[in-house]
4 protein chains.
Amino acid sequence: MTDSYSKIIEIASQLMSKNGYHATSLQMIADKVEISKSSIFHYFINKEAILLALLKTTIPPAITVLSELANNKDLSGHEKLKRFLQFHMRLLAKKGNILHIYLSESKHLEKRNKKKYMEIKREYTRLVKQIIAQIQQENPNKFKGLNTTIVTNSILGMCNWGVEWYNKKGELTIDEIADQMYLIVYN
Amino acid sequence: MTDSYSKIIEIASQLMSKNGYHATSLQMIADKVEISKSSIFHYFINKEAILLALLKTTIPPAITVLSELANNKDLSGHEKLKRFLQFHMRLLAKKGNILHIYLSESKHLEKRNKKKYMEIKREYTRLVKQIIAQIQQENPNKFKGLNTTIVTNSILGMCNWGVEWYNKKGELTIDEIADQMYLIVYN
Amino acid sequence: MTDSYSKIIEIASQLMSKNGYHATSLQMIADKVEISKSSIFHYFINKEAILLALLKTTIPPAITVLSELANNKDLSGHEKLKRFLQFHMRLLAKKGNILHIYLSESKHLEKRNKKKYMEIKREYTRLVKQIIAQIQQENPNKFKGLNTTIVTNSILGMCNWGVEWYNKKGELTIDEIADQMYLIVYN
Amino acid sequence: MTDSYSKIIEIASQLMSKNGYHATSLQMIADKVEISKSSIFHYFINKEAILLALLKTTIPPAITVLSELANNKDLSGHEKLKRFLQFHMRLLAKKGNILHIYLSESKHLEKRNKKKYMEIKREYTRLVKQIIAQIQQENPNKFKGLNTTIVTNSILGMCNWGVEWYNKKGELTIDEIADQMYLIVYN
DNA sequence: AATGAATGAGGCTTCATTCAT
DNA sequence: AATGAATGAAGCCTCATTCAT
């Protein structure tokens, strides 16, 4: 019964990730879900609510996990980086579409929600930056003389760009990819 | 006369980079250029032609330059990487909007053009990969045991993600940023 | 059980009087009554049936009363006018919303019912006109030389316009208002 | 060329007066004007703008005239009342549809405009009230002991109700009707 | 070269209504 | 008796595009 609800989210994920928010019409979603366009409004007050619902299940939980990791008092910086890469890439592997949508389509949210999700992005970056800073403090030779923000953004870019090329059926598992990324920046 | 032509491209660059292709209407462009909507059709046969024109001035030339660099017989791999990073980041600094549009909006081109620009992306990646491979060959300890494709995509991601955060007025110049990126992956 | 029925009518009265028939959706009514939209269809076959039900309790009874008054053989014209004003204004005080709806929204009834309620309006006017005519006959100096129809419509307008301004909490009671109206036209 | 513009206003006047704002769809207007629905948006940014345009030509000018009359230092109160009745009824004769729309549909304007037009209504009433007060002051026996507001509203109702019954082809001219109304309240 | 007029297609949304439970 | 699911029709509006001038 709430079957349609999940189907809408699932299909919308696929379509919006592939075509973008505006190029995905409710008609397209309805057709694939095999319900009528107006039925969508039983489950979502408007188109944006779909985008929102789809982000909500993935993005806020992610930041909670990252926050715990970054603030963990018992782990070394490089261990945190390793775990971050694994966590983030696993997220990408499992929720690639949603991450893709988040990264590229959240600008289409209305003001309030846009602000909220932009802040999450900033907070996410801030937490990664905190990890990098810890590394620089613990290992004076690592990232020596480098700007913490640049390092942070570079590493995030390295990961996030994965939404463009990561392929579940590729020859490496997502954990192997994460390991390699770790080695690229931390050999 | 060609004044309006360039203005349209310039304004379209800004708007499409900020809002995306579909969320940028011809009316919005016309308003900012201060011409009438129908006048746009004097310069471009349709909306897509604007997107196309705007990409044409930047993307194909870029690949020509990269191609020459990658195929240069006289440079070492790590020198090529250094130069690539500088070149690519300078491109981003100068043509950030267009690069952004290219990376995120070229999916909205019609089939033929989409294919063409997708191929450019693949070719671009291939050329960077060639540089990485040269490094791995020349320096058996660098990127040792790492998958060439993963390294390539990681480095490209590191750079391209810059469209999301690079700020002309930031405290570092684009060349300094490129240098730091080089150090991140090549210290 | 019939609880919901009356609530629907009551809420619909308020909303339709305030917003008009078309601007009042069944959802709005359902929300205020605190039942589901589809439950409304247990009590009324369609939206129009609500409008109809709400008019039925007020309008036809009113004409019965007016008819008896106008046709009373024992009362003088000016006494009838006095009583009409009192009766009509009391109706307005008690059933302002419904009278308002009747006067402004009965055009949205379907053909048959529209015709019926238009005829009631005409009949109502006819009965008031009959009273005016009796006055003109009994008091040759009152409304002398005036067109009976114009006088009738003027007096009805004077009263009906009350739906726009009458306020239960105003400083005058509805009977005092009716008296003053009588004095305006009959000093 | 701006032919369509006036046609839209004219047709919209008729339809909205007859059916009400919400029951008049842009499609109905477009069909009668014989243009396409989307063409309407060349002339009006949205449906409400039509309603607004149609009111603008009639209502604000009317209040200007009434204001001059009410504030005229040289006229007696009863002369002002006579002139007011003539002016208002002529307005009704000439712009019946628009007056009707104003009186019954301005509640559908969006907040800002609704407020503006509600204020005009109040101001209009205030000016008529000023005339009545002048009469009460100059002629201690006229409207003696009557509440100025009630008299004002009654007279306005008498007039405004005309939108429901006045017929250009009736046997009396609008000036004759105005005269009779004057006699009803001022014999 | 430039534009105002016009439009068809399609987008999002509302709404009254039906139906199975 | 009550309702959640579902829908077709219609509403307003946007948009890219065409065309005559």
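Of all the residues in residues 15-40 of chain C, C:T24, C:S25, C:L26, C:K37, C:S38 reach under 4.0 Å from DNA chain E with at least one non-hydrogen atom.
As a whole-Å value, the separation of B:Y43 OH from F:dA16 P is 19 Å. Straight-line distance from the CD1 atom of C:I50 to the P atom of E:dC15: 14 Å, rounded to whole Å. To the nearest angstrom, C1' of E:dA6 lies 13 Å from NZ of D:K7. At whole-Å resolution of the value, CD in C:E48 and P in E:dA16 are 13 Å apart. Look at CD1 on B:I8: it is 13 Å from P on E:dA1, rounded to the nearest Å. Note: CZ (D:F41) to C1' (E:dG8) measures 14 Å, nearest angstrom. Atom CD of D:E110 and atom P of F:dC12 are 17 Å apart (whole Å). Protein atom NE2 of A:H42 is 12 Å distant from nucleotide atom C1' of E:dC19, rounded to whole Å.
Every residue meeting the side-chain hydrogen bond (donor to acceptor under 3.5 Å, both in side chains) condition with C:D31, not counting sequence neighbours, appears here in chain and number order: C:Q27. Listed by chain and number, the residues in a side-chain hydrogen bond (donor to acceptor under 3.5 Å, both in side chains) with C:Y124 are C:H88 (sequence neighbours excluded). The side-chain hydrogen bond (donor to acceptor under 3.5 Å, both in side chains) test applied to B:T57 returns no partner, not counting sequence neighbours. For A:E48, the side-chain hydrogen bond (donor to acceptor under 3.5 Å, both in side chains) test picks out no residue, with sequence neighbours left out.
For the OP1/OP2 pair of F:dA6 and a distance below 4.0 Å, the side-chain nitrogens and oxygens of A:S4 include at least one atom meeting the criterion.
In this structure, OH in A:Y43 is found 7.0 Å from CD1 in A:I35, a value given to the nearest 0.5 Å.
Residue-environment remark: NZ (B:K56) stays at or below the threshold of 12 foreign heavy atoms within 6.0 Å. Around CD of C:E34, the count of heavy atoms belonging to other residues, nucleotides or ligands within 6.0 Å does not exceed 12. The number of heavy-atom neighbours closer than 6.0 Å to NZ of C:K107, taken from other residues, nucleotides and ligands shown, is above 12.
Side chains of B:H100 and B:E164 form a contact here, defined as non-hydrogen atoms less than 4.5 Å apart.
Toward the 5' end of DNA chain E, the nearer of the two residues A:I45 and C:N46, judged by each one's closest nucleotide, is A:I45.
With the end axes of the helix from E:dA2-F:dT21 to E:dT21-F:dA2 each set by five pairs, the angle from one to the other reads 10° at 10° resolution.
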